[in-house]
Amino acid sequence: MQHVHPPGMSIVPREIQRALVDEMGMTFNRLDLALHLAWTDTRTRYRRSVLGPFWLVIGTLIGVGGLGLVWSVVFQVDRETLIPMMATGLVIWTLLSASITEAASVFYTQRELFRNLPTSSLFVSVVLLFRQLINFAHNLVVVVIVLLIYPRHLSLNALLVIPALALVALNLLWLIQFIGYVGARYRDLAPLLVAIMQPLFFVTPVLFQPQQLGSFRFIAEINPLAQWLTLIRDPLTGSAPPAMSWIASGCMALVGWSLALLITAVKRKRLVYWVH
Amino acid sequence: MPRIEARNLSVEYPIFNAGSMLLRNALIAAGTGGTISRGVKNIVTVKALDGATFTIEEGDRVGLVGHNGAGKSTLLRVLGGIYSPTSGNLRVNGRTAGIFALGAGLDGELTGYENIVRMGMLLGLRKAEALQMLPDVEAFTELGGFLSMPVHTYSAGMQTRLTFGVATAVRPDILLIDEVIGAGDAAFQGKAHARLNNAIESARVLVLASHAQATIDLYCNRIFHLEKGRLVSDVRLAQEPRAQIVERVDRVVAGKTGEAG
């Protein structure tokens, strides 16, 4: 391994290219390690508990079951439509909001790594993403149960969930990376994001469908989280996601990755001092 | 061929106070054109390393000496790729591994065994290679049944044995060590010397920071004296072939612990 540092701190396109090659290399060479770390982090979280991995799932199960039964009565909506829609909404929302709120402190939490080993920030973000995806996979058990009980809307469109999840994961990664840097520099970003997620939950179509907003649909359309939610939820509730969602998410990925890679290239050398 | 070349190497880093790390304060400062800055501007920059120039080649066992704050840890970390030079040139050829802080890379909730694999992987091994390392590290640490318990139950000395065992098992080209040999009890000291010996044999370059003259004398054939970030002197001691150093250490260790080799 060889690292060469030319004089000065000036940011030149070649420097940016080299920085990115370094970060990408350190990350994609060690995806095995990222997965290992994500798994062991998950296991330690429930190691000392009785129910083990199912602690992750039980909250969702109770939420979905309780809310679904009560709301179907209150809003006079048929359960076969409501419960799968809510279950998938909640599970996807957990993935999105947990990724965002944890991203703000992701580098600070791993500061021991940054201070003692040459560590790639992108790698640390990938570990967080993997951990959230593992969590999501656990919660999918609830969705599977719900879909087995209410299979009316299930169709072949469900297979689209795979590319949908891939596109959302791609978006989440740049978002985690970007928020990670800002959150490492400004420690109050983490509580700020937690506070924002609360009202955002109600404004995003998690427990309802975007169509139900009628003439206020734009509220859902300008919300990136809503687009990503639709992308994953629609296949599971029987429809193909609208082209708009695919296009919007694709564009967000392009713009977002440019932002994230830019901030990484410019600030990666400072990051270790921010998290000291 | 491991090799380290530095020309005018400088490292400066910022020290932030609480106010400068708040987004709220930054926004207020931006919004008021800097009139209400609330600590945003009070960021102190420390020049930890100032214009160091040197070349380290295969066979060099460099000892870093100097007062606290002289720049020894900074130099080690910039060689290890953790800090980046703010000016000057640095070229490092070869795989490096550092023992900087005991307990770095340890996850308290995982068992000793799991931590060995974790640290090995963090130091660059694949999972299969890390697993192969287990018997060797297990034998060295002599932690026995404790290896199946979570590491947060360990004493500092036990954690030292664990991290030391892993870092020396990994076999890098360039070994960077920051004053950790002193930690641990007397019996461990003897084993640590022998173990470090082995690690040095396969590491072709060693850079070791220590306050203990005895440690420097034992392992180093070249001394960097650092003072306030400047490399004040760079002295090569009488050239000794590696084998002679190894023999010398063995004899000293045998004398200390009263057992052969």
Side-chain angles (χ1 to χ4, degrees), chain A residues 1-10 15 19 22 26 29-37 39-48 104 108 110-120 123 127 182-193 267-276, chain B residues 3 5-9 12-16 18 20-27 46 77-78 80-110 114-115 117-119 121-127 130 150 173 178:
Chain A
M1 183 193 82
Q2 173 189 72
H3 38 276
V4 180
H5 301 275
M9 275 283 281
S10 60
E15 260 289 287
D22 270 354
M26 284 173 88
N29 254 337
R30 297 317 312 268
L31 284 180
D32 61 321
L33 177 59
L35 196 56
H36 176 90
L37 292 176
W39 257 124
T40 51
D41 281 352
T42 308
R43 272 179 25 228
T44 56
R45 277 175 202 226
Y46 58 68
R47 179 163 278 186
R48 297 211 232 182
Y108 183 76
Q110 297 296 340
R111 66 188 182 284
E112 284 298 312
L113 278 188
F114 281 106
R115 289 164 58 187
N116 294 293
L117 289 159
T119 307
S120 149
F123 175 83
V127 175
V182 181
R185 178 62 181 81
Y186 296 109
R187 298 284 164 79
D188 51 349
L189 183 65
L192 182 66
L193 285 179
K267 290 298 181 182
R268 62 197 282 262
K269 294 180 179 177
R270 301 269 104 189
L271 183 61
V272 63
Y273 308 129
W274 292 353
V275 298
H276 239 281
Chain B
R3 188 184 167 83
E5 266 180 47
R7 300 268 168 270
N8 252 320
L9 178 61
E12 286 181 36
Y13 54 76
I15 298 183
F16 298 95
S20 56
M21 298 216 85
L22 293 181
L23 186 58
R24 184 190 69 205
N25 288 352
L27 292 174
V46 171
R77 283 181 158 91
V78 78
I82 292 165
Y83 292 165
S84 296
T86 34
S87 65
N89 269 311
L90 176 65
R91 183 185 229 107
V92 177
N93 271 6
R95 207 166 69 134
T96 59
I99 309 178
F100 299 126
L102 276 328
L106 284 183
D107 182 339
E109 289 295 329
L110 296 176
E114 289 166 337
N115 268 298
V117 173
R118 177 191 162 94
M119 278 201 293
M121 288 177 83
L122 284 171
L123 286 172
L125 301 180
R126 296 280 154 191
K127 189 160 187 176
D173 298 321
D178 197 351

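In what follows, chains are A, B, ... by sequence order, proteins preceding strands, each numbered from 1.
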Output the distance between atom [atom1] ([X]) and atom [atom2] ([Y]), rounded to the nearest 0.5 Å.
| X | Y | atom1 | atom2 | result |
| --- | --- | --- | --- | --- |
| B:Leu125 | A:Leu33 | CG | CG | 10.5 Å |
| A:Leu192 | B:Leu22 | CG | CG | 11.5 Å |
| A:Arg115 | B:Arg77 | CZ | CZ | 7.0 Å |
| B:Leu122 | A:Glu112 | CG | CD | 12.0 Å |
| A:Lys269 | B:Thr86 | NZ | OG1 | 9.5 Å |

Tell me, with the steps shown, if A:Tyr273 and B:Tyr83 meet ring-ring contact (aromatic ring centres under 6.0 Å, His included).
CA-CA 9 Å; A:Tyr273 308 129; B:Tyr83 292 165; 5.1 Å; yes
Chain B: which of A:Val272, A:Thr119, A:Leu189, A:Leu117 shares the most heavy-atom pairs with it under 4.5 Å?
A:Leu117
Chain B shares the most heavy-atom pairs under 4.5 Å, among A:Trp274, A:Phe114, A:Tyr186, with A:Tyr186
Winner by heavy-atom pair count (cut-off under 4.5 Å) against chain A, out of [options]:
| options | value |
| --- | --- |
| B:Ile82, B:Asn25, B:Asn8, B:Leu9 | B:Ile82 |
| B:Glu109, B:Arg7, B:Lys127 | B:Glu109 |
| B:Arg126, B:Glu114, B:Met21 | B:Met21 |

Is a side-chain N or O of [X] found less than 3.5 angstrom from the main chain of [Y], in a donor-acceptor match?
| X | Y | value |
| --- | --- | --- |
| A:Asp188 | B:Leu23 | yes |
| B:Arg118 | A:Leu37 | no |
| A:Arg30 | B:Met121 | yes |

How close do A:Pro118 and B:Gly80 get, heavy atom to heavy atom, and via which atoms?
CG-O, 3.4 Å
I need the minimum non-hydrogen distance between B:Ser20 and A:Arg185, along with the two atoms involved.
O-NH1, 2.7 Å
Given a strict heavy-atom distance threshold of 4.5 Å, which part of A:Arg268 is in contact with chain B: side chain, backbone, both, or neither?
neither
Between A:Leu113 and chain B, which part of the residue has a heavy atom less than 4.5 Å away: side chain, backbone, both or neither?
side chain
